[in-house]
Amino acid sequence: MRVLLVEDEHKIARALKKALEQESYAVDVAYDGDDGYAMATTEPYDVAIIDRMLPGSYDGIAIVKAMRTEKIHTPVLLLTALGSVEERTSGLDSGADDYMVKPFALEELLARVRALLRRPTEQQATILTAGDLSLNTITYEVKRGDTVIQLTGKEFALLEYMLRNQNRPLPKELIIGHVWDYDADILPNTVEVYIKYLRNKVDSPFATPLIHTVRGFGYKLQAGE
Ligand code: CA
């Protein structure tokens, strides 16, 4: 899952990026409103965490409004130092999905991000499945049947993305866009390498393969025909 973080306070941005990366998210950071707006409206993010007060011609609210005007429905968590009822209301009125007042506990922020990520697809379940494969987005447990599979952070992120988008062919470029961050120098070839790692762990030891190659296009995760 790819996260956009727009935060001008470098110390906070660094701490958040680190915490999010430990949860296997790919994280891009923008340090002012203009970069934040440009990235939010051009790159495919799964969730955006946007500080309200930002230098530049866009503050947090203006970025969210612009995103919604441009029909970009990426879930947004707005961060702010202002905590009054009116501030909260105007934040949510702008089109943000959730609102957190600084200072906050990192654990709570991570929980809110997880909640935003599962909102559009499934309401409660944190376990994604395909056939006998299951992936728990909270405990990071991956299993086929009763067999536990150990994955690295990047392999987990790739499998989670494919599970959330199962039964449809995913071009390599789209996979790169959602699983790796902007700074990572990723070639389509890298996706092939990681798919191979995943297949070795998720498919090879088992009777039925779940990861399918779509020739000249990309990959598809599908159980059964
Ligand atoms: Ca700020």
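One-based numbering, in listed order, for ligands and for the atoms of each.
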Chemist: Any N/O/S atom from Glu7 (main chain or side chain) under 3.0 Å of the Ca ion (ligand 1)?
Modeler: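 No, since none of the N, O or S atoms of Glu7 sits under 3.0 Å from the Ca ion (ligand 1).
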Chemist: In Asp8, the N, O or S atom nearest to the Ca ion (ligand 1) is which?
Modeler: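 Going by distance to the Ca ion (ligand 1), the closest N, O or S atom in Asp8 is OD1.
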Chemist: Do Tyr31 and Glu9 pair up side chain to side chain, a donor and an acceptor below 3.5 Å, judged on atom types alone?
Modeler: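 There is no such pair (donor and acceptor under 3.5 Å, judged by atom type) between the side chains of Tyr31 and Glu9.
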Chemist: Are Tyr161 and Trp180 an aromatic pair by the rule of ring centers under 6.0 Å?
Modeler: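 No, ring centres 6.0 Å or more apart.
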Chemist: Give me the one residue out of Asp59, Ile49, Leu54 that meets side chain to side chain contact (heavy atoms under 4.5 Å, CB included) with Val6.
Modeler: Leu54
Chemist: Looking at CD1 of Ile211 and NZ of Lys220, how far apart are the two atoms once the value is rounded to the nearest 0.5 Å?
Modeler: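 Answer rounded to 0.5 Å: 13.0 Å.
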Chemist: Would you mind naming the N, O or S atom of Asp51 nearest to the Ca ion (ligand 1)?
Modeler: OD2
